[in-house]
Amino acid sequence: MSRGTTRGPGDPLGLLRKILALEDRKGYQDTAVAGGLANFVAVQARTHRPGSDDGHAAETLAALARLFRGYDQLSIDERRERVAQAGRLLQRAAGRPPRPTVPAPTAPRDVQAPRVERARVPPRAAAPRRLARQARVSALTDPVTTLPGVGEQRARQLEALGVRTVEDLLYLIPRRHKDYSRIEPIGSSLFFNRECTIKGTVVSVDQQRTRTGKTMVVAEIADDTGSVQAIWFNPYLARQLHPGLPIAVSGRIERQRGTLVLRNPEWELLDAEMLHTGRLVPIYPLTRGLYQKQVRTLTRMALDAAAHLIVDPLPEEIRRRHGLLPLAQALEAVHYPDSEADERAARRRLAFDEFLVLQIGLVQRKVEWQAQTGHAFRIDEELLATFEDRLPFTLTAAQSRALGEILADMASPRPASRLLQGDVGSGKTVVAAAAALVAVADGFQAAILAPTEILAEQHARNFSSLYDVLPEERRPRLALLTGSTPAGEREAIDVGLRDGTIDILIGTHAILEERVGFARLGLAVIDEQHRFGVVQRARLRAKGYNPDVLVMTATPIPRSLALVLHGDLDVSIIDELPPGRQKIATHWIEGDRRPDAYRFIRKEVEAGRQAFIIYPLVEESEAIDARAATAEYERLSTEVFPDLRLGLLHGRMRPAEKDAIMTAFRDHEIDILVSTSVVEVGIDVPNATVMLIEGADRFGLAQLHQFRGRVGRGAARSVCILVADDVSEEGQRRLNALVETQDGFRLAEIDLEIRGPGEFFGTRQSGLPDLRFASLGDLGTLQSAREEAHRILSADPTLSQPVHRPLRERVDRFWIPGAGDLS
Ligand code: ADP
Ligand code: MG
């Protein structure tokens, strides 16, 4: 292996030597360089005119240019002679004895001796198109192993990406595309630092060692305008590349000490269909052991082998109305678009499908649901007034308005589904309690569903103390049902629910179990809605005679989006906090000031307060997060706060363990709770006054706001400390926004501005099945899909017309039971 002597445009003669050697090895077919030798030498001669640089080289080049003029017209023997002559010219120019790479005239072809140096042509992977033809894909649901070359190992890797079937591959959407569609002559000086593709011939391949001892493969690639070095840090490539290969390489060209260099470019053979270079090249999500090239080959193969099986769920009329591509075309273009516009159109089509299926499901549910009659509650105004009067506070205007909207729903015979949005601490609980009271006063029961045991318990306590102000005979009788309710108590609850001696059941998922039956369920309240899906909502409803449903969430969503997204819900918003709320002082510090933060926490704990310390997502793995948080917990317990009571909470713990820790924290058996992001949204520990968030820039704005909402719930002054170093520009905007405002809706808007609506909506927050292409930035598409959903359903409410059959299949598949279960 040689130490890299770089040779580029600065050494045209060296380059020519290699090319001539190659021409010799290839039997004088004029294939050593793309465009032919005559052309190549002429261009070289033009770019190195006498006087410009090395005059000596320029003269030689001029001579060579004359020598090679008309080379392509010559016979093989004549060509051999020219090349030999050129070799002598070059030799003279170098003033050195002939180098072995410069060809001496060789014997005629037919008596040719085997050449040791001749590169072995490696068996080349067949092009995907060719392989696709061999594939026996008979249905889109065939497993990926139906495709040639996909064995068990590959199938496992794909499975990690959620790809099991050929159809999954079609829907494995690239994260983005790299634009390698600009094909440039090497000699063009216009393209530095821009991504582009060059087409040329491999002139030499060399293995070298970097200063750090890694092996790199350096290939020189030439076209008729110059040459460029391609460097890969992958020794394996030395076996795949050899002089004479026509090749396309894509990447960013840099100039390095006078040499043009491409680092780790994408490459492929020129005779192959262009998958990896020379076009908009898809960049896929990957998993360990899987490479872009392999995934591209697979998606190409899947598209070719299965295109004929794709059935478009959208009738042509709908496509035409909304200017949408046919599905097969969209799937092709979302992977291998001809242009950015092509790709956008493809994504739009796929997003439309997704929105449509989503909206059809939502609208269908709403229509079905509202076609039934529910109960028109008689509102006991007097009791309500007593309740409000005796509360320890006055309802805010926003609370009153929301309650008014809910009561109007209840008073109407139409079964209602309402989303109650209110920032953390805005007082949604009391509104729900008032609604439940109205239901009970009219002889009905209410159910309150919370995502975790600790939140259910918290609600039970809160409801009970709110109702305490009522005269005893008017007080609703409450029961709490969770996974850890003892069997005996459960039975008592079952009985009480059926005979109507329990008015309000508060609990977790346990409420949804089959055996839980109500005598007269009239109102169902679901807290922290994003943990429950449409399916749970439906199940809860089914327990009553079309009870009204109230869904509460603390994740603010701008109203326009909420209306469209929660297609089956009406929306109320509490956009005002109760008066006298303390501002939570929010500070952003860098890691070197951590000791100050620790000192502050210690001071608060000594004053009888409690603190949260949150650790960020390290990677998208709970196991790794848990380990990182555990390590920090160890460090904090032994080095920083050895004398204080610390608790640890992470996603790898069992629910019962998590609940036990949260309960201990609530009951002040723990001073400092060290946690990953699993810490409960909605948990109320009024004595906690410090929220320290490590790696704060790694969290989304909504989540940071939720964390912060865990403190400042009592009378004491609270503080939120964000720790983050080297924050990206976007991260800075987020952290600054958090420091500046405490208004959740304002933060939601800022978040929307920063991230764009697509990102803004993790589906987790929306409580809906996964949206993969649909981006809410695309409100236009969303709206037209919603209109289309209405149009389709009003003509064919059950999608039973043949033309709607494929669509119905999609809807059924999208809305499979449990798909909405995001808890
Ligand atoms: P969230 O909307 O986050 O669920 P809560 O219902 O838990 O908020 O209310 C937060 C706190 O505010 C509770 O302690 C509650 O008693 C109190 N609260 C609710 N409404 C008012 C009000 N109008 N005035 C003063 N305090 C209120
Ligand atoms: Mg709450």
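Both ligands and their constituent atoms are indexed starting at 1 by order of listing. This is a predicted model, so every value here is computed, not measured.
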Salt bridge (Lys or Arg N to Asp or Glu O under 4.0 Å): which pairs involve residues 404-416, sequence neighbours left out? E405-R418, D409-R414, D409-R418, R414-D570
Do F612 and F665 have their ring centres less than 6.0 Å from each other? yes
Please report whether the ring centroid of Y615 lies less than 6.0 Å from that of Y633. no
Heavy-atom contacts with T394 under 4.0 Å: which atoms of ligand 1 show up? List them by number with element. 22 (C), 23 (N), 24 (N)
Can you tell me if G422 contacts ligand 1 (heavy atom of the residue under 4.0 Å from the ligand)? no
Would you call M552 a ligand 1 contact, heavy-atom distance under 4.0 Å? no
Result block: side-chain N/O donor-acceptor pairs under 3.5 angstrom for residues 735-742, not counting sequence neighbours:
{"residue": "N736", "atom": "ND2", "partner": "Q732", "partner atom": "O", "Å": "3.1"}
{"residue": "T741", "atom": "OG1", "partner": "D743", "partner atom": "N", "Å": "3.0"}
{"residue": "Q742", "atom": "OE1", "partner": "I584", "partner atom": "N", "Å": "3.0"}

List ligand 1 atoms under 4.0 Å from T396, heavy atoms only on the residue side. 23 (N)
Show me which atoms of ligand 1 lie under 4.0 Å from any heavy atom of R713. 3 (O), 7 (O)
Polar proximity ligand 1 side, G427 side, N/O cut 3.5 Å exclusive: yes
Could you check whether H705 and F707 have their ring centres less than 6.0 Å apart? no
Residue pair H375 / D548, side-chain donor-acceptor N/O under 3.5 Å: no
Donor-acceptor side-chain pairing of R786 and Q359 below 3.5 angstrom: yes
Is there at least one pair of N or O atoms, one from G425 and one from ligand 1, spaced under 3.5 Å apart? yes
Within a distance under 4.0 Å of any heavy atom of V424, pick out the atoms of ligand 1 and give their elements. 3 (O)
Applying a 4.0 Å heavy-atom criterion (strictly less than), which segment of N462 is in contact with ligand 1: side chain, backbone, both, or neither? neither
Pair R401 + E576, salt bridge at N-O below 4.0 Å: no
Does T429 approach ligand 1 within less than 4.0 angstrom via side chain, backbone, both or neither, non-hydrogen atoms only? both
Judged by non-hydrogen atoms, does D423 sit under 4.0 Å from ligand 1? yes
